[in-house]
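As structure tokens, the structure follows; a few thoughts come after it.
Naming convention: chains lettered A, B, ... in sequence-line order (proteins, then strands); numbering from 1 in each chain.
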Amino acid sequence: MATNIEVEHNNEDTLDVMQLISDIKHSQLINSYNTATRTVDFLKSLISEQEWTTAQELMDLVKKRMKIISTSLPYEVVSLNILRHSLKLIREEYRSILKKKKGEDLSPPQFVTPDYREVLDYSETLPDLKARLLDQLTEYKVEMETSCENIANQASEHIHTNETVLTVGRSHTVERFLISAAKKTTFEVIVAESSNILEGHTMANNLAEADIGTTLIPDTNVFALMPRVNKVIIGTDTVMANGGLRAQAGLYVVALAAQHYSVPFMALAHMYKFTPVYVGPHDKTTFDLLGSPADVLPYSSGPMLNKVKVFNPVFDYIPPELVTLIITQQGGNAPSYVYRILTELYVQEDYDA
Amino acid sequence: MDKKKQSKEEKVGADGLTKKERRALKVQARQTDDNKAEQKNIRQHSVPKNGEKSEINQNMAEKGSENVTENGVIVEEVKVPLDKPESGLSMKEKRKLEWEKKLASVKNENNIETKCDQQLSKSEQKAKRREIQEAQRLAKKNTVTKNTEELNSKISPENKKIDSAATKSFPAKHTCSKRFDGSILSPLQMPFRDYKPVELYDSVCLPNIHPAFIELGVQYSSKTILGSNARCISLLCALSRLVKDLRTPPEQEFSRYLELVLQKSTSYLQKCRPMSVSMTNALKLFKSQLTQIDSNIPDEDIKKKLLDFIDTFIHDEILTAGKAISLKVLEKISNGDIILIYGCSSLIKRILIEAFESKKQFKVIVVDNRPLTEGVEMLRRLTKAGIDCTCVSINGLRYVMASVTKIVLGAHSLLTNGYVMSRAGTSLIALAAKAFNRPVLVCCETYKFSERVQADSLVYNEIGDPDILLKDDTLNNPSPMKSRSKKRRRKFLNLLYDVTPAFLITAVVTELAILPCTSVPVVLRVKPIEI
Amino acid sequence: MYNKNEIIHKGNIVQAVVVADEFEDKFIPITNEVPMSLLPLLNKPLLDYTLEFLYLGGVEETFLFCCSQVDMIKEYIRKSIEASAAWSLNMKIHILVSESCRSFGDCLRDLDAKGLLRGDFILLEPGVVSNINLRPILKKHKEVVKKDKGAVITIVYQKAGVGQIGRSAEDDIVVAVDHNNRVLYHKKTRLLEDKRIKLPVEIFLLSDEVSMLHNLKDAHIAVCSSSVLPIFSDNFDFQTRDDFIKGLLMNEEIMGSTIYLHLIRGSQYGGAVTNWQNYQAVSWELKDRWAYPLVPSLKENNLLKDNVIGNGTIVPHDANISRCVIGNNVVLGKNINLEDSFIMSNCKLEDNVTINLSVIGNSCTIRKGSKIIENTVLGNGVNIDQNTILKNQLIQATKPDFCEKEDILGQYAFRLKPDEDEDEILQKLPRLHNMKESIETSDDGFSDSDDENLSYTQSPVLDDTKLFFTEVIDSLTRGFEDDLQCDNLILEINSSRYAYNISVKEVNFNVIKAILHMYLRQPTGQRYFSQLLSYFSPILKNYIRNESAMQDCLQAIEDVAITNEELKENWIVFILNWFYNENYLSEESISNWGRNLDQSAKFSVQVKPFLKWLEEADEEE
Amino acid sequence: MEGEEISKYFLKIIEHEDVSVGIAAIRTLMEIINKTASTTVQGLDENIKDGISIMKRSHYPVAAIDSGCELFVRFITLTRLDTHFEECKRIMLKRGNLYLKHHNRSRNTIVTSASKLIGDGVRILTHSRSRVVLQTLREAAKQKRKFEVYVTISEPDKSGLELCKQLEIDGIPHVAILDSSVGYIMEQIDFVMIGAECVVESGGVVNKIGSYTMAVCAREMNKPFYVLTESFKFSRLFPLGQQDLPLEYKYDNYSNSTDFKKVHPLVDYTPPSFITLLFTDIGILTPSAVSDELIKLYL
């Protein structure tokens, strides 16, 4: 007799976020863009289905979920950032509605008047808030969809004829960027195969398919070839608040090499990769996610595996001084400007939420 | 490994890179001391090796239909020396051997059938290594020339087989060199020698090249012998064999004739794989030696002179130099150090092991490098010696660099402008070390110093076999780069060396002294390579 | 996400069957209280890893087949669903119960009867920990089936070097496959007499390309076509998966079904906990993240240490712990000494406790100064008194049904005396690796995990007699373990004797010595020894024929007695007595041996009484 | 309220309570407003100005006083209310208290964010004595983190030793080092963490003499250089270099000395390029962010 366990997940309310988490986990191989869209959908469903009356309540709901995500996926940034952004949206909507209602200006306060912070307790129930938020989110999603194009469209500004571009591993954004550039100009691409060898090869292959002259090199050759490179263009996992990057392992040395030959080092990033976190390289926890040793030492290496410790870090930290330009859908920015973008994206007090 | 062999290895000292090559080295080592029996037994191992290579090639050429039988043959071949003296080997060992040989041959098939190139699978390598150990152990025992004689006879046909096979496999090989017919050079104008393993097979049938050199050539181009020390030593061994066997034709002066032969042989080696600086330097010295000898003394004496010149060279320039260097580095290693090394350098290995034996407490971080993955071999040796090791790929540098206290690197050659030419990737290590301001020591015997001046890695370099990049046994799925379409736009590049700027390096450790890179020219003046 | 879509257009959903019980009691006594599948692995139940793996691997429906302690498993599943563990979200779980099943085979037969499975399914043996992506393998299997109607099962293997802890001697295996990975030959080498395999010629005739694989490790995962279950039901003698495979290969033409092999590559990892040895191995490999993204819930910095310490456990500074896994909320006393051991949650170790190569179950208490060494396993809740020394024993908290006086060590500690047939198993039970040793031993890739092999792979060229001796020991042990005909053994011994041209005297000497040594290797009581001797009696008969032989025999005994302290007085007497009673040894031989014994020797004092007794016996007549 | 009183009051606060000079100055100003004799806003302004100049003459770092007061005044007189004087004064006091209240809390916010930096086993180099730094260290110690602090003695007033004393009390492992040994120690430490007397518009900081040296060394060795400072220390200064710093900042009661070559400066200016991050009560800022905030504040 097959006994099916039919238990209700007792914490119904947070089930949705569990689903989101498991999806993110389940589909590690899919790029951050999918995560982003997925999160927005999640957010929509949250707003439309969950029980909430005031903006405050809604914000609490969101915050609660952010907590859960950040605890169960310590290395996830994209979905968190989007939720964080949504908090700001909620605030703004609330204000603007109130403004219409009362006509008085509640512009975000200056820091010199600290205690006027949070004059609004967001406790009023505003019927049309929900609708407007949903609109906002759809808008946001559309913007996200176009963002990839926007970035790609800037390509021709950055790549010129007969230049040689070096990239590392595979990033969808970079791929589209280069391909769109190839439409206008002819140039050579060097692809370093990166820690995840397969990805590097795929990248090289795709570029070649798009009829771009592509050369695949092992990572060790980066320094040797750097003098012949005009630009390094890479994708990144996260853009830190201080303008530093958290990117695929191996990029740190590439950045150093680029700096050594003073080759511009550009990172392509969507807005949702901007994270209001300041951590120095000495902060272990945020960077030292370790992957499977198999990428370094095959499992069939025999008895020496019993003795050797193998580390295969997933991320590298690239300090801002090594980064020349961070290109978003809104154009290029110097790393030093990141904090500004952050203030546009999020509200101070949500930073460490 | 029993004491005896250990010492043997020490005698050879700097044994180079891959396991296969170590075997080759042992082979050479034996050849230096003129124990006839041992010479024979060396031939014996070189045989199955080449034999099975021939297999693979043949297979590339034709269908894999008759592997099974062929393997049968090979296994026979291998067994021959082992079964000889009933008294010598215990039943058990023999059983074990047979078992392993079965496996080996079996593996062999597997390799063929899964078309993976000469890369031998672990278990096979073990089997083979074991084989040789046994064989040598036994070789010590049977000093009876009689049976070695007959062994010899057994081998000769085998040799023929190689050649034929080699020539046969010509087409198979050709495809790989097709991949970049210089097209890579177009975008980034780089004056590279092209990588052509093809030529090696043309020249196998060249009459007046000593078999030792032909063997050597094959080993070089197949990267069986890797690492400048190893290559140099093996060259010298081959040289000594040449000198020994050389018969001056009537009304010809020995030294003249030798020079002539040498000329041919070296040009052949050059074709197989560009010579390393160490080799060229060694040859220069040898030639100058040759010219100095007055031609009136009988050939035997000349030979004798030359032979002990070679021996002294190996001994002084490489082994003792290594010793001196390791002593110097030893001073610099302090307890609790975490030492980062890159790839696999015989010298570094020696230094670390000696440091370990002198009871220094330190950890080692080995940085492995695709596609050659020499680091793995280094790990194997260090762990075997009992040293506490950690392994990262070159991508993991940042992760470990913070905890590292010293970086110790080997070198292919030291250029006159103080730049260091070494395995590709070395400069990245130095760069990272600089960023974390950790001291970088480069260890290099002075005989590797070069007259050349070079500011970047591209003006003079060597292209490795691009196919290794596609070696996908580490990948989850086969690489898409294998697919046929759009070949034109797709190129591979695999430089073997790069040049590290002097200012990234704290010091160079030579047998003379620990000095800054910039004082290389001084050393060259003190101790000129050309005499 | 795209996985979902894939499922949709793939139509039928992916099913998996997990058999939650191994039926060999490899993990007693701990498995007497908790089911094997809830064994904590790095402080997380084994089952959790398995399910997580299935879920990440893309399985949507899992049948969990349990036979014992079902309620605990059910309870566990319910709990984790309530906590909405990741796998519980997209994967349905059915628990199938049938106490009646006594083997893996039975389970499948039962399953067949229930007829729950449609189409291909994934079959897991107990204790699988892996990160393989199953979909491609399923796909491949389907394609294979398209080509070869007979294909019923694809077994998953991983390449692993010999001597790697991840690969236990158990799944040491040789497989022959043809060019499209169809298995032609499949043999576990552990069961072989001498390391020699005989390949049937057919396999070479069968296909043009044959490759033999030895460096394999069984992932205990298989993709089965629906026709597998019926085959099991038809053949009641199939107890394990190996039986199944052997059966199919042997009479292929009868069944007309074929087996295929899949090698996982790259960063995919397939491990399984089948005995304490791989339990240890898998623990370490998990810690070293081989199963990434399936990683233990540990803080990153734990990676740098060589121990795994659970939450709420505080390690005192004077504790000397190496290569151990310690559970949650374990209380550690002053200067504790732990090596290569597993201490599960809520245990309490008092001061000066030494634990080495052992497993301590949940919430045990070990009082001051106790020593627990060499593959001792403590069940849950065991309570060990002060200064007890346990060596290679199984202790459980509850009183077993039959239990002699000396087996009661305390109120909550009873020595588990496995009944005879299990005895075999226990002797063979693979032990935990002594990592320290394996670090020191400079293996050239040859040293196997099990110690005998070590002994002769390290040793340099031995002289012939020595070789002969090891030779003999091997033959005898092997013979004893898989009990072969003694006549064969004799033949073998003789053959090796000629190989080393050993004199008769030496042969006698060595054979006896060998037998004694065998006993020494596993000193587990009189019963075992007499059993050993009686088993070898034909051999003894064969060698101890005449007076001189007896002398040799006595020499051997003397030799052993001198070299080995373990051989306690009563033993030497026991031996002599036994040989005497079985009249392999005549009185006079013994007595004049006794006479020219040098009295200084320790044991001569011990044998004195026995000799005296003999003298008296004479006089009486 | 007379000059004597003022300075007495000012000094009293500093000597008897553990507050930064800035806060003390501000409270003094509050006192002045409170006790002011004048009955017009202008008069009050006069008093305040006098008060500030008096305090500047005391032997405490002028930079701090300056920036503190400047901001305060700016704040309380945000919008001139043209009601009658008493009313106006009341509002000013109210705002003043608000301001103080906020800035008393401000230090905690800095401490919480900065203490995150201090992980287990880190080695920190700090200069002179800064209250914020001290509290941050205490906080980290409270969270059971194991770390070590290197403190420069920092001549001439040996303020570093004071810091050491307090660390001693809290049982935080620390080493006092010579100012001249900064370069030597830099190799071993993980990052530098200092306070500031005032933060200037460029994003650089003015701080106890020696900070600049430290920053230069840190940059050479690629060590992070963190500055912990309250936002009321922001001032509208844009020094182009050391020479460009106002004399009153650099020299104790400069007016009565004439030849500055002989006198030791008290502070130096650390350009933004050397600073990794500033931890302030208005969040963690990159140097470039500072001027941004200042713009917000003054324009």
Side-chain angles (χ1 to χ4, degrees), chain A residues 162 164 188 190 193-195 197-198 201-202 204-209 211-225 227-228 248-254 256-257 260 281-282 287-288 290 293-298 300-304 306-313 316-317, chain B residues 121-122 126 184 187-188 190 366 368-371 376 379-380 383-384 388-400 402 423-425 427-428 431-432 434-435 456-458 461 469-470 472-477 479-481 483 485-486 489-495 497-501:
Chain A
N162 297 333
T164 307
E188 284 286 332
I190 301 177
E193 51 188 7
S194 90
S195 48
I197 297 146
L198 197 53
H201 286 222
T202 328
N205 193 46
N206 298 354
L207 292 178
E209 295 297 334
D211 205 34
I212 303 173
T214 312
T215 309
L216 182 73
I217 61 165
D219 300 349
T220 49
N221 287 358
V222 165
F223 187 88
L225 291 177
R228 302 303 171 98
Q248 188 185 18
L251 280 172
Y252 177 63
V253 273
V254 176
L256 284 175
H260 177 261
H282 47 73
F287 287 94
D288 299 347
L290 292 174
D295 301 337
V296 182
L297 214 58
S300 49
S301 310
M304 79 175 169
N306 307 353
K307 302 161 199 171
V308 180
K309 266 204 166 26
V310 184
F311 294 128
N312 178 23
D316 252 357
Y317 170 73
Chain B
S121 82
K122 292 274 175 306
K126 279 179 207 134
I184 176 64
L188 349 144
M190 289 187 275
V366 180
D368 189 15
N369 56 339
R370 248 184 70 85
V376 177
L379 272 175
R380 182 170 290 104
T383 45
K384 213 171 142 198
D388 177 347
C389 289
T390 304
C391 176
V392 295
S393 77
I394 199 152
N395 298 305
L397 263 185
R398 196 200 116 264
Y399 180 81
V400 289
R423 177 71 63 226
S427 41
L428 287 175
L431 212 50
K434 186 80 177 174
D456 76 21
S457 319
L458 300 179
N461 207 324
L469 287 182
L470 292 179
D472 60 1
D473 50 4
T474 55
L475 307 184
N476 287 352
N477 312 314
S479 156
M481 292 297 269
S483 64
S485 63
K486 286 275 186 214
R489 311 295 282 145
R490 193 194 304 133
K491 299 147 219 139
F492 297 80
L493 179 60
N494 174 18
L495 298 175
Y497 300 107
D498 67 9
V499 172
T500 311

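Contact annotation for L297(A): only side-chain heavy atoms (C-beta onward) come within less than 4.5 Å of a heavy atom of chain B. Of the atoms belonging to I212(A), it is backbone heavy atoms, and not side-chain ones, that fall under 4.5 Å from chain B. Contacts of Q248(A) with chain B are absent, with no heavy-atom separation under 4.5 Å from either backbone or side chain.
Within the 4.5 Å cutoff, no side-chain heavy atoms of P313(A) are placed close to those of N395(B). Between P501(B) and H260(A), the closest side-chain pair of non-hydrogen atoms falls below 4.5 Å. In this structure, T220(A) and R423(B) have side chains that are not in contact, with every pair of non-hydrogen atoms separated by 4.5 Å or more. For the pair L431(B) and V253(A), the minimum side-chain heavy-atom distance is 4.5 Å or more.
Put simply, of N221(A), V310(A), N312(A), the one with the most heavy-atom pairs under 4.5 Å next to chain B is N221(A). Interface remark: of the candidates L397(B), N494(B), V499(B), N494(B) forms the most heavy-atom pairs closer than 4.5 Å to chain A. In terms of heavy-atom pairs under 4.5 angstrom with chain A, the leader among D388(B), L428(B), D498(B) is L428(B). Per-residue counts of heavy-atom pairs under 4.5 Å with chain A were compared for N369(B), V366(B), L379(B); the largest is that of L379(B).
When every heavy atom of C391(B) is checked against every heavy atom of V308(A), the shortest pair comes out as CB-CG1, 3.8 Å. For the pair E188(A) and K491(B), the tightest heavy-atom approach, listed with the atom from each and the gap, is OE1-NZ, 3.5 Å. The two residues Y399(B) and L290(A) come nearest to each other via the heavy atoms OH-CD1, 3.7 Å.
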Inset, instruction - Take L225(A) and L495(B) through the test side-chain contact (heavy atoms from CB on, under 4.5 Å) and record every step on the way to the result. - result: CA-CA 9 Å; L225(A) 291 177; L495(B) 298 175; 4.2 Å; yes
